[in-house]
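Worksheet: the structure to be examined is printed underneath.
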Protein chains: 2
Amino acid sequence: MASADGGPATIETIARRAGVSIASVSRVLNGLGGRPDTVRKVQAAATELGYVPNAMARSLRGGRSGQIAFAMEDIGNPVYVAMVRRIQAVAKEAGYRLLLHSTGADREEELRALRSLADRHTEGLIISPIRITRDHLDELSRAVAPVVVIGSLPEGVRLDNVRVDSRVGAAMAVAHLVGIGRRRIGFLNGPLDTVPGQARYKGYLDGLATAGLGGEELVESGQFQTDSGAEAAKRLLARVPDLDGLFCANDLIAVGALRALREAGRRVPDDVAVVGMDDTELARVTWPTLTSVGLGSARRGELAAELLVDRLGEGRDREPRWVSVTPELVARESTRS
Amino acid sequence: MASADGGPATIETIARRAGVSIASVSRVLNGLGGRPDTVRKVQAAATELGYVPNAMARSLRGGRSGQIAFAMEDIGNPVYVAMVRRIQAVAKEAGYRLLLHSTGADREEELRALRSLADRHTEGLIISPIRITRDHLDELSRAVAPVVVIGSLPEGVRLDNVRVDSRVGAAMAVAHLVGIGRRRIGFLNGPLDTVPGQARYKGYLDGLATAGLGGEELVESGQFQTDSGAEAAKRLLARVPDLDGLFCANDLIAVGALRALREAGRRVPDDVAVVGMDDTELARVTWPTLTSVGLGSARRGELAAELLVDRLGEGRDREPRWVSVTPELVARESTRS
DNA sequence: TTGTAAGCGTTATCAC
DNA sequence: GTGATAACGCTTACAA
């Protein structure tokens with residue numbers, strides 16, 4: 001039962017129909033009372049006309065759009081689905097709608113998402129960039145609306161931030177492999193010029209050093225993706241035939257590695273034990289199931305959402321807060337001796 | 001270099017700074033010319049103030065927000081990542097930003113997404129509902145902005161629509177299993193009260209009938225999800241110990257079934273051959289890799305986006321268009337004899 | 001309780 | 001070319 005006459009119903013249409021002023025319509029529609037009679041007439045008219053408030057006009061006036069956004073790198077990476085689920089729950093709870101941007105690891109797209117804060121479509125943004133450039137920091141510092149960053153930020157950046165020490169997590173992975181007797185432990189990394197790529201590489205070295213296995217670095221780098229992981233695994237196997245342990249910088253890479261190992265005729269975990277990172281749903285789906293270092297993605301999403309919601313309300317002027325989450329290794333078949 | 005004084009810069013701030021009128025500012029900023037001198041002054045002021053147009057005000061006036069949305073059921077289902085990728089590409093090409101809603105199979109959320117069209121945040125919507133209720137159709141018919149539905153619609157609904165005959169696809173799956181000599185062919189379905197659940201069930205029956213295998217229906221239903229698939233597989237195995245073929249209504253279910261079969265000590269494909277549906281990235285990741293009936297999800301996303309973009313521009317008043325995509329079976333290890 | 005009117009930041013239509 | 005000014009749909013003093 002949409003309005004027949006030109007365009008959707010506005011408060012003015014309703015006002016005419018109900019024989020009251022637009023102010024009364026606005027008040028009734030916002031639950032600010034009025035004479036029972038008035039209320040009834042307005043509500044009737046609104047329903048008949050199928051009225052929906054024009055959110056543009058509303059937020060132009062009041063400054064609220066009721067929307068927050070999450071910008072992730074790749075919608076295809078399951079680590080983000082855990083985050084999104086929790087962010088969405090918290091956002092909904094607080095009365096915000098969640099919009100998702102998939103930036104595709106495209107720096108320009110990320111910057112665009114940041115700048116778009118200024119256009120008032122969203123009141124705040126959670127962003128999880130894998131590279132943090134000078135441009136990012138500039139844009140971040142001039143962002144017009146609150147931003148929460150998931151991921152490690154350089155010292156001194158005054159921004160709400162949820163982090164996890166994936167360097168420690170990587171070292172845990174190596175320690176676990178050492179613990180089951182592996183000595184020739186390789187590492188399949190993502191791009192070295194990313195924040196997680198750096199951290200996980202250092203963690204891998206830490207792990208080797210702790211075990212007294214330093215010296216030779218059995219590392220291949222690629223993208224944080226399955227196919228890239230498979231290729232990297234092939235390269236590493238060719239170079240290091242006696243590999244007996246393999247740490248992968250995320251589960252996607254690990255899945256690719258499992259495929260490559262199978263194709264190369266290596267048994268997992270008997271010949272090569274494998275550890276992934278992120279502990280995504282994928283880890284329970286592969287065969288053998290994948291040991292993986294969880295980085296609390298659901299929890300990080302939740303914390304980030306809470307920080308943002310808080311800053312959008314009560315905590316408008318509080319100091320930036322940095323919270324962190326602890327890595328946790330989940331052992332599964334791929335490292336079972 | 002954000003404006004120091006209250007709030008972000010507006011055209012008025014710029015006007016004062018440049019010593020011109022707001023009309024001139026607007027013209028310059030929209031590339032409508034002006035005296036070189038004026039242009040220079042305005043641009044300088046805009047840059048210095050870090051001006052970003054207020055999209056709310058702009059679309060309140062002009063009615064364009066430059067955004068379209070895609071509402072999917074579950075961000076965790078990889079069938080949607082293929083869709084999203086293509087939709088995003090087409091949208092970007094046409095100058096739209098893509099917003100994602102994950103409705104969580106929640107009917108209310110879906111309806112909310114539809115209604116939210118009226119609030120002018122998005123100019124159009126692509127929606128892929130798995131249930132189509134009376135309420136959906138009502139809401140769809142009164143939608144204030146263009147909607148494209150991915151999925152089968154009842155006859156007579158006047159809406160742009162991209163479909164795929166998954167009934168035929170399901171029959172193809174059964175035929176394939178029959179073709180490799182399987183006779184006791186089970187079916188793990190999603191909820192029967194969904195559109196895909198219905199279609200795939202009928203296709204399964206078609207396939208059995210064609211092969212002269214009618215009579216007994218070896219069917220278990222659950223959700224379109226991994227864990228649910230694993231449980232359904234267990235139930236079916238308990239009931240039908242001599243099962244030798246298994247068709248799963250989507251890849252998520254199939255992944256769960258593979259796990260259950262492994263735990264039950266059945267070899268795939270030797271003891272039980274398995275076929276999934278949707279041909280998602282998961283199918284290449286499992287072991288054995290999964291034969292799956294592709295439903296052209298990337299292509300469907302692309303077509304839907306093209307329909308929407310067209311209707312938002314040239315095709316404003318054209319007749320609703322129904323386009324369809326053909327299922328295609330991709331054979332992999334899980335049915336290799 | 002209700003209505004009038006100002007204002008949110010734009011764009012577009014006028015005169016000048 | 002440029003500058004007032006109206007309009008988009010809404011919320012909210014303020015006045016009646």
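To find a chain, count down the sequence lines: A is the first, B the second, and so on, and within it residues start at 1. Note that these values count all heavy atoms, side chains included, but never hydrogens, waters or copies made by symmetry.
In this entry the distance linking CG of A:L32 with P of D:dT11 reads 9 Å, nearest Å. Summarising the geometry, the separation between CD1 on A:I11 and C1' on C:dG3 is reported as 13 Å, rounded to the nearest angstrom. Between B:M56 atom CE and D:dT11 atom P there is a gap of 14 Å when expressed in whole angstrom units. In this structure, A:H121 places its NE2 atom 13 Å from P of C:dT10, rounding to the nearest Å. One interatomic measurement links the two molecules: CD of B:E12 to P of C:dT10, which rounds to 10 Å at whole-angstrom precision. Between the CZ atom of A:R58 and the C1' atom of D:dT12 there is a distance of 13 Å, rounded to whole Å. Protein atom CG of B:L29 is 8 Å distant from nucleotide atom P of C:dT11, rounded to whole Å. The distance from atom CG of A:N54 to atom C1' of D:dC8 is 8 Å, rounded to the nearest whole Å.
B:R311 approaches B:P320 most closely through the heavy-atom pair NH2-CA, 3.6 Å. When every heavy atom of B:P196 is checked against every heavy atom of B:I130, the shortest pair comes out as CD-O, 3.5 Å. Here the closest non-hydrogen pair linking A:H101 and B:L98 is ND1-O, 4.3 Å. The shortest heavy-atom contact between A:A145 and A:E123 is CB-O, 3.3 Å.
Looking only at side-chain heavy atoms (C-beta outward), A:L140 and A:V157 stay at 4.5 Å or farther from each other. Counting only heavy atoms from C-beta outward, the side chains of A:R318 and A:D310 approach each other to under 4.5 Å.
When distances run from any side-chain atom of A:L60 to the nucleotides C:dC8, D:dC10, C:dT10, the shortest one goes to C:dC8.
Contact between the side-chain N/O atoms of B:N30 and the OP1/OP2 oxygens of C:dT11 is found at a separation under 4.0 Å.
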Interface polar pairs with nucleotides 3-7 of chain D, N/O, under 3.5 angstrom:
| residue | atom | partner | partner atom | Å |
| --- | --- | --- | --- | --- |
| D:dG3 | OP2 | B:S21 | N | 3.1 |
| D:dG3 | OP2 | B:S21 | OG | 3.2 |
| D:dG3 | OP2 | B:S24 | OG | 2.7 |
| D:dG3 | N7 | B:R27 | NH2 | 3.0 |
| D:dG3 | O6 | B:R27 | NH1 | 3.2 |
| D:dA7 | N3 | B:R61 | NH1 | 3.4 |

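Looking at heavy-atom distances under 4.0 Å, B:T10 makes contact with sugar-phosphate atoms alone, never a base.
Taking OH of B:Y51 as the start and OG1 of B:T13 as the end, the distance is 9.0 Å to the nearest 0.5 Å.
Looking at which nucleotide of DNA chain D each of A:Y51 and B:G34 is closest to, the 5′-most match is held by B:G34.
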